[in-house]
2 protein chains.
Amino acid sequence: MFRAFFKYKLVILYGCSLAVLLLLMRWLELRFLILSHTQDVYNGAIALIFTILGIWIALKIAKPKKETIIVEKTIYLQPEKEFILNQTALTELNLSTREMEVLELMAKGMSNAEIAEKLFISLNTIKTHSSKLYEKLEVKRRTQAVEKARQLKLIA
Amino acid sequence: MFRAFFKYKLVILYGCSLAVLLLLMRWLELRFLILSHTQDVYNGAIALIFTILGIWIALKIAKPKKETIIVEKTIYLQPEKEFILNQTALTELNLSTREMEVLELMAKGMSNAEIAEKLFISLNTIKTHSSKLYEKLEVKRRTQAVEKARQLKLIA
DNA sequence: TTAGCACTCATCCTTTTGGGTGATTTACTA
DNA sequence: TAGTAAATCACCCAAAAGGATGAGTGCTAA
């Protein structure tokens with residue numbers, strides 16, 4: 001509420017100082033005339049006071065002027081790579097559930113032995129599965145299998 | 001500059017009207033007293049005028065408040081263009097150019113022999129490179145290396 | 001009921017991969 | 001100029017992966 005007033009304190013102070021200075025000069029130079037010019041001083045005081053009052057009222061009443069600046073900020077978002085399983089390819093390749101499990105663990109970089117341990121089946125079985133996997137995917141190595149599966153959107 | 005003045009025209013007009021009305025009433029009802037109260041009227045006029053002056057000054061001086069509105073504009077990057085090579089990780093890992101080449105071909109599912117043929121160097125050299133690669137990437141198998149490189153955005 | 005499929009496991013053998021070590025050349029740097 | 005790092009290659013050995021084949025079990029659809 002008074003912030004605006006304080007904001008223009010300088011202007012007001014400047015005006016006041018000027019008025020005071022003028023009055024002082026008058027008082028010093030025309031000291032003897034003051035008494036006969038009481039009415040002038042009185043009027044000046046009224047003028048000054050009401051000017052300040054006017055300013056104060058205006059600042060108090062006046063709604064702050066708003067100047068709207070619209071800044072466009074561009075944010076680059078990386079879309080959540082929503083993995084969409086390629087059902088078409090999956091059904092076409094006709095991979096069994098076990099084969100898919102093995103494929104997924106393969107893609108994580110696990111060795112056949114680790115996969116066997118995780119799935120509670122023997123290493124030989126994993127080898128069988130992986131061999132069938134390579135046949136169905138038409139690849140020769142596990143790295144190729146993983147790469148192809150990734151391209152076909154069979155795995156994330 | 002005068003926009004502000006016009007904006008508060010209503011307030012000013014209201015004040016003026018009120019003052020005029022009061023003066024009018026005094027003039028009508030206390031017509032006979034006016035002459036003996038000339039000084040009061042004069043003072044009132046001064047007060048009114050300077051109040052208005054103050055208001056006018058204040059409105060003229062007042063700076064508009066700036067209000068910044070930030071509009072966020074979200075742009076989703078195309079997933080196809082999203083591969084940004086992770087330079088930070090790349091420099092931290094301190095992979096040599098040859099090692100990077102081997103890594104890339106590895107990720108494509110090529111065997112060491114194929115990579116050797118492609119790069120016109122011996123199989124043994126490829127083995128040396130891949131071994132150093134695994135050391136630097138802190139992995140044990142090539143599938144893990146590919147997986148980790150993919151996660152670190154070293155390869156697409 | 002039987003043929004087919006998925007899943008399991010095994011054995012034998014080959015290829016690929018990985019670890020370890022050492023050596024040479026080249027190019028750049030303190 | 002000596003030292004360092006990258007790149008090259010070799011040899012040996014072990015582990016992992018892959019290919020081929022056979023076989024047992026359980027479930028399902030023709």
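Owing to the predicted nature of the structure, the values given are computational and were not obtained by experimental measurement. Note that these values count all heavy atoms, side chains included, but never hydrogens, waters or copies made by symmetry. Sequence lines set the chain letters: A, B, ... in the order given, protein chains first and strands last, and positions in each chain run from 1.
If you take NZ of A:Lys132 and P of C:dC7, they are 9 Å apart, rounded to a whole angstrom. What separates CD of B:Glu135 from C1' of C:dG18 is a distance of 11 Å, to the nearest Å. Distance, B:Ile121 CD1 to C:dT24 C1': 16 Å, rounded to whole Å. Rounded to whole Å, atom P of D:dT8 lies 10 Å from atom CD of B:Glu99. Regarding A:Phe120, its CZ atom lies at a distance of 17 Å from the C1' atom of C:dC7, rounded to whole Å. Atom CD of A:Gln144 and atom P of C:dT15 are 17 Å apart (whole Å). Distance CG (A:Asn94) to P (C:dG4): 16 Å, rounded to an integer number of Å. Per the geometry, CD1 belonging to B:Ile126 stands 17 Å off P belonging to D:dC11, to the nearest Å.
Looking at B:Thr125 and B:Ser122, their side chains do bring a donor and an acceptor atom within 3.5 Å of each other.
Residues meeting the side-chain contact (heavy atoms from CB on, under 4.5 Å) test with A:Lys132, sequence neighbours left out: A:Glu99. Qualifying salt bridge (Lys or Arg N to Asp or Glu O under 4.0 Å) partners for B:Glu101, counting only residues two or more places apart in sequence or in other chains: B:Arg98.
At a non-hydrogen distance threshold of 4.0 Å, nothing from residues 148-156 of chain A comes into contact with DNA chain C.
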Pairs under 3.5 angstrom, nitrogen or oxygen only, protein versus nucleotides 13-19 of chain D, please.
unit_1: D:dA17; atom_1: OP2; unit_2: A:Asn112; atom_2: N; d: 2.8
unit_1: D:dG18; atom_1: OP1; unit_2: A:Tyr134; atom_2: OH; d: 3.2
unit_1: D:dG18; atom_1: OP1; unit_2: A:Arg142; atom_2: N; d: 2.6
unit_1: D:dG18; atom_1: OP2; unit_2: A:Tyr134; atom_2: OH; d: 2.3
unit_1: D:dG18; atom_1: OP2; unit_2: A:Arg142; atom_2: NE; d: 3.3
unit_1: D:dG18; atom_1: O6; unit_2: A:Lys127; atom_2: NZ; d: 2.7

- What do the steps show when you test B:Tyr134 against B:Gln144 for side-chain contact (heavy atoms from CB on, under 4.5 Å), and what is the final call? CA-CA 9 Å; B:Tyr134 303 151; B:Gln144 283 182 349; over 6 Å; no

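In this structure, B:Lys148 contributes its side chain and B:Leu137 its backbone to a donor-acceptor pair below 3.5 Å. The main-chain N or O of A:Gly109 is found under 3.5 Å from a side-chain atom of B:Arg141 such that the two form a donor-acceptor pair.
A salt bridge links A:Glu147 with B:Arg150; the closest basic N to acidic carboxylate O contact falls under 4.0 Å. Salt bridge annotation for B:Glu114-A:Lys140: absent, with no cationic side-chain nitrogen under 4.0 angstrom from a carboxylate oxygen.
For A:Lys136, the NZ atom counts as densely surrounded, since its 6.0 Å shell holds more than 12 non-hydrogen atoms of other residues, nucleotides or ligands.
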- Item | Per-nucleotide protein contact string for nucleotides 21-30 of chain D (B base, S sugar-phosphate only, - none; heavy atom under 4.0 Å) | ----------

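Using a 4.0 Å heavy-atom criterion, one finds that B:Ser96 contacts the sugar-phosphate atoms exclusively.
Between B:Ser122 and D:dA10 there is a side-chain N or O to OP1 or OP2 distance below 4.0 Å. Not one side-chain nitrogen or oxygen of A:Asn124 sits closer than 4.0 Å to the OP1 or OP2 atom of C:dC9. Between B:His129 and D:dA7 there is no side-chain polar atom (N or O) within less than 4.0 angstrom of OP1 or OP2.
In the helix from C:dT1-D:dA30 to C:dA30-D:dT1, the end axes, each obtained as the rotation axis mapping the C1' atoms of four pairs onto the next four within a five-pair block, lie 40° apart to the nearest 10 degrees.
In the hydrophobic clustering of this structure, A:Met100 groups with A:Val139; members are Ile, Leu, Val, Met, Phe, Trp, Tyr whose side-chain heavy atoms approach within less than 4.5 Å, directly or through other members. Taken together through direct or relayed side-chain contacts under 4.5 Å among Ile, Leu, Val, Met, Phe, Trp and Tyr, B:Leu105 and B:Val146 form part of one hydrophobic cluster. Following chains of ILVMFWY side-chain contacts shorter than 4.5 Å, one can reach B:Met110 starting from B:Leu119, so the two form part of one hydrophobic cluster.
Taking CD1 from B:Ile126 and NZ from B:Lys118, the interatomic distance works out to 12.0 Å, rounded to the nearest 0.5 Å. Atom-to-atom distance recorded for A:Leu103:CG and A:Arg142:CZ is 10.0 Å, nearest 0.5 angstrom.
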